[in-house]
Amino acid sequence: MAIVIDGKAIASEVRNEVRINVEKWTSLGHPPPFLAVVLVGDNPASASYVRGKIKASHDAGIDGETYSFDATISEKDLLDFIRKLNDRPNVNGILVQLPLPDHIDASNVIATLDPNKDVDGLHTVNAGRLATDLPGFVPCTPAGIVELLSRSNIPTQGKHAVIIGRSNLVGRPLGSLLLRKDVNATVTICHSRTQNLPDICQQADILIAAIGRAHFVTADMIKPGATVIDVGINRVNDPSKKRGYRLTGDVDYEAVSDIAGYITPVPGGVGPMTIALLLNNTLIAATRNF
Ligand code: GUN
């Protein structure tokens with residue numbers, strides 16, 4: 001039976017460390033770090049994530065504010081607002097919650113962010129820094145996954161890490177992070193067109209599922225004793241729940257738990273780490289220049 005990696009407990013450790021470092025920073029006479037979160041439209045999942053991010057910021061002594069816009073805002077007006085945030089000296093970090101409405105090109109929005117305030121690490125400057133092993137902002141979910149592995153003492157040196165998913169938010173940056181010389185994993189990135197996916201997954205010492213499809217990873221894809229990290233947060237209908245749905249990951253948790261050595265639950269695995277690393281990035285944005 002796999003050991004469950006308690007993302008909530010590890011995230012709480014990280015958040016506490018950030019809170020202590022924020023206190024040290026403000027005790028030197030600096031204002032608290034300030035995170036601006038931009039939310040467009042009324043996607044309930046996005047609204048809930050944003051509330052979580054702001055609450056966690058406040059708990060860590062970080063000033064956080066949400067700027068909400070109607071789904072009908074024009075791309076131009078949104079870009080103008082982001083330029084204003086770029087220009088405000090008291091704003092250290094800016095996060096634009098994704099996804100954005102279809103009429104807005106997310107890549108234009110990300111390109112408008114000041115790279116030195118891009119706490120999500122999505123601007124091409126930060127993506128390029130990560131890809132070329134230079135210091136910069138690292139996207140919060142991949143950074144959180146590497147922190148989970150390290151704080152759970154899961155060996156990565158020379159191990160085969162297989163990532164399913166090639167998104168800019170998770171799969172690609174995670175590949176770069178796992179290749180860093182302090183992690184030293186051997187990395188394979190798979191996607192929807194990968195041939196023989198189950199065979200490749202079976203070779204993984206560490207398997208990371210980030211595809212956004214409920215229960216995609218099944219027990220037959222797991223090498224016995226492997227570490228399985230589940231990035232998925234899928235809503236599946238569940239009439240037995242008051243809200244009518246439940247959250248489930250990309251991994252068939254029950255069956256995979258019988259084969260894996262370590263596994264992250266959903267919820268309570270990667271999700272809390274994403275928020276913890278966002279707080280850390282916001283503190284970095286306030287305290288240093290890359
Ligand atoms: N939507 C889902 N995850 C994320 C994230 O980490 N950052 C942003 N900006 N949007 C998201």
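Just follow the structure's listing: the first ligand is 1, and inside any ligand the first atom is 1.
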Q: Please determine which of Asp87, Asn86, Asp80 meets the side chain to side chain donor-acceptor pair (under 3.5 Å) test together with Arg83.
A: Asp80

Q) Got an N/O contact under 3.5 Å between Asp120 and ligand 1? A) yes

Q) Below 3.5 angstrom, do we get any N/O pair linking Gln97 and ligand 1? A)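 Yes, at least one N or O pair falls under 3.5 Å.
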
Q) Against heavy atoms of Val96, which atoms of ligand 1 measure under 4.0 Å? A)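 Counting atoms of ligand 1 from 1, those under 4.0 Å from Val96 are 8 (C), 9 (N).
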
**Q.** Interfacing atoms of ligand 1 (cut-off 4.0 Å, heavy-atom, Leu95)
**A.** 9 (N)

(Q) Between Arg151 and Glu17, does any side-chain N to carboxylate O distance fall below 4.0 Å? (A)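 A salt bridge is present here (some side-chain N lies under 4.0 Å from a carboxylate O).
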
Q | Note: Arg246-Asp238 ion pair, threshold 4.0 Å (strictly below) | A | yes

Q) Is there a side-chain contact between Pro173 and Val138 (heavy atoms, below 4.5 Å)? A) no

**Q.** Taking atom 10 (N) of ligand 1 as the reference point, the nearest protein heavy atom with its distance
**A.**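 Heavy-atom neighbour on the protein nearest atom 10 (N) of ligand 1: Leu98 N, 3.0 Å.
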
Q. Any idea which protein heavy atom is nearest atom 3 (N) of ligand 1, and the distance to it?
A.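 Answer, as residue, atom name and distance: Leu169 CD2, 3.6 Å.
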
**Q.** Whether Phe290 and Phe137 hold their rings parallel, tilted or perpendicular, with breakpoints at 30° and 60°
**A.** perpendicular

